[in-house]
Amino acid sequence: MNTGSYQESAHQMLGRCFPPNTKEKQQLRMIKLCDPAESELSPFLITLTLAVLLAEYLTGIIANGFITAIHAAEWVQNKSVSTSGRILVFLSVSRIALQSLMMLEITISSTSLSFYSEDAVYYAFKISFIFLNFCSLWFAAWLSFFYFVKIANFSYPLFLKLRWRISGLIPWLLWLSVFISFSHSMFCINICTGYCDNSFPIHSSNSTEKTYFSEISVVSLAFFFNLGIVIPLIMFILAAILLILSLKRHTLHMGSNATGSKDPSTEAHIGAIKATSYFLILYIFNAVALFIYLSNMFDINSLWNTLCQIIMAAYPASHSILLIKDNPGLRRAWKQLQHRLHLYPKEWTL
């Protein structure tokens, strides 16, 4: 793709993600959202998609609410909480807020389109969506990084020093992530809103071509817009891969010294490798779906855009269920809750 076509696609991405603040564009937004001709899905599939999304939202809210309640109770009772528990609280709260927001947005956009299409409401949902997604990505990345530092077996002096200081750094890194996510989302919404106000309509004829940004190119802006996804994604991938390699090497070493019977330590390491691999796959799928969704590569009513929404809704729920399953304390607390409520559904048995 040449520079001109890439800039044109970047113009389209920014313009469609943050429509200009005008009456005409608000009306176009309403038409685009509600026009059945624009949708690739039948009414039955639309209804089914809404049902699936709502089920995913509710599952994620329940799972993350459970994680938050357990660690918050520990925090209150002991006046302190473990470092991993602190990260899980931040992660779970951000996911509860995110999925509640997404459920509220899909409800309002389906029942009161005129209200949802108002600029103040529309932009409020978009900036909150970006902020909470960026926070969730950062918190999950820090959780992966913390597990890597605490579990991986490396003898480098810098790594050992980091392991000694990581527990004290995590609280500051979590709040720094909140600040970065908020600043990034505010910067994106302000710049993109200003961009849309000054750049529409986009003319394709040579006589009306003009430069919309003198200080910042559109390609650079599009690149900066996705930094909130790329940076935590790279950090998560590197931490997860290094942890898997370390666990794999340690497992092979223990296997060579095994006496023949199954070693519980080896089984635990294999389980940790599988869990980390699952987390990595889920995180990558979610980050890619979020990138595609924010970039508006497909029409808002297209099948691919709907698939991205389903993936983004499924990730917080599935990841949180795996966290409960693989954490002994959370798993024990969940079984106690099941016992108290006399509920033993097979699909939730961990």
Side-chain angles (χ1 to χ4, degrees), residues 17 29-69 91-117 121-122 124-126 128-130 132-133 136-137 140 278 281-325 334 337-338 341 343-350:
C17 190
R29 183 190 304 149
M30 291 179 59
I31 295 173
K32 191 69 173 178
L33 289 170
C34 66
D35 187 3
E38 296 289 342
S39 178
E40 298 178 2
L41 304 178
S42 65
F44 171 75
L45 288 179
I46 293 176
T47 304
L48 180 62
T49 300
L50 291 176
V52 170
L53 288 174
L54 290 175
E56 290 175 336
Y57 295 151
L58 291 175
T59 303
I61 291 172
I62 292 172
N64 285 286
F66 173 77
I67 295 175
T68 303
L91 178 61
S92 299
V93 169
S94 69
R95 286 176 171 176
I96 292 172
L98 174 61
Q99 297 213 289
S100 299
L101 175 79
M102 294 169 71
M103 186 166 59
L104 180 62
E105 181 178 15
I106 198 173
T107 302
I108 293 178
S109 62
S110 301
T111 59
S112 182
L113 187 59
S114 59
F115 174 73
Y116 175 75
S117 298
V121 177
Y122 184 82
F125 273 114
K126 292 309 173 186
S128 300
F129 177 80
I130 295 173
L132 292 173
N133 262 295
S136 179
L137 289 174
Y278 294 150
I281 293 172
L282 288 173
Y283 192 94
I284 292 176
F285 268 90
N286 175 71
V288 172
L290 179 61
F291 175 83
I292 294 174
Y293 182 78
L294 291 180
S295 299
N296 284 282
M297 295 181 180
F298 304 101
D299 185 81
I300 190 171
N301 295 311
S302 69
L303 177 62
W304 288 107
N305 196 67
T306 302
L307 180 61
C308 289
Q309 289 180 295
I310 293 175
I311 293 174
M312 290 187 297
Y315 166 70
S318 56
H319 187 222
S320 300
I321 291 174
L322 287 176
L323 286 173
I324 297 173
K325 180 180 182 297
W334 178 256
L337 178 62
Q338 283 185 319
L341 299 177
L343 296 176
Y344 297 96
K346 293 183 179 180
E347 62 271 18
W348 282 84
T349 301
L350 302 177

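Starting from 1, each residue takes its place in the sequence as its number. In what follows, every heavy atom counts, from backbone to side chain, and hydrogens, waters and symmetry copies are set aside.
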Inset, instruction - Assess whether side chain to side chain contact (heavy atoms under 4.5 Å, CB included) is satisfied between Lys325 and Trp334, documenting all intermediate values. - result: CA-CA 9 Å; Lys325 180 180 182 297; Trp334 178 256; over 6 Å; no
Inset, instruction - Apply side chain to side chain contact (heavy atoms under 4.5 Å, CB included) to the pair Met312 and Leu98, showing each step before the final yes or no. - result: CA-CA 10 Å; Met312 290 187 297; Leu98 174 61; over 6 Å; no
Legend entry - CA sep, side-chain torsions, deciding dist, call: Tyr57, Leu104, side chain to side chain contact (heavy atoms under 4.5 Å, CB included): CA-CA 10 Å; Tyr57 295 151; Leu104 180 62; over 6 Å; no
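Residue pairs meeting the salt bridge (charged side-chain N to carboxylate O under 4.0 Å, His left out) criterion with at least one partner in residues 282-291, sequence neighbours excluded, do not occur; the list is empty.
Within the 3.5 Å criterion, the main-chain N or O of Phe125 finds no donor-acceptor partner in the side chain of Ser128. One N or O on the side chain of Gln99 and one on the backbone of Ala313 form a donor-acceptor pair closer than 3.5 Å. In this structure, Ser136 contributes its side chain and Leu132 its backbone to no donor-acceptor pair below 3.5 Å. The main-chain N or O of Leu282 is never found under 3.5 Å from a side-chain atom of Asn286 such that the two would form a donor-acceptor pair.
Across all non-hydrogen atoms, the minimal contact from Ala63 to Ile324 is O-CD1, 3.9 Å. Closest approach of Leu53 to Gln309, counting heavy atoms only: CD2-O, 3.7 Å. For the pair Ile311 and Ala289, the tightest heavy-atom approach, listed with the atom from each and the gap, is CG2-CB, 3.8 Å. The two residues Ala140 and Leu91 come nearest to each other via the heavy atoms N-CD1, 3.9 Å. Across every non-hydrogen atom of Ile292 and Cys308, the tightest pair is CG2-SG, 3.7 Å. Across all their heavy atoms, Leu101 and Phe129 have their closest contact at CD2-N, 3.5 Å.
Atom CD1 of residue Ile67 and atom CD1 of residue Ile62 lie 12.5 Å apart, to the nearest 0.5 angstrom. To the nearest 0.5 Å, the span separating CD1 on Ile310 from CG on Leu303 amounts to 8.0 Å. From Ile281, atom CD1 reaches atom OH of Tyr315 across 12.5 Å, with rounding to the nearest 0.5 Å.
The shortest side-chain heavy-atom distance between Glu105 and Lys126 falls under the 4.5 Å cut-off.
For Phe285, the CZ atom is loosely surrounded, since the number of other residues' heavy atoms within 6.0 Å does not exceed 12.
Remark: of the listed residues Arg95, Met103, Glu56, Met103 is the sole one forming a side-chain contact (heavy atoms from CB on, under 4.5 Å) with Ile61.
Tyr283 pairs by the side chain to side chain donor-acceptor pair (under 3.5 Å) definition with nothing, not counting sequence neighbours.
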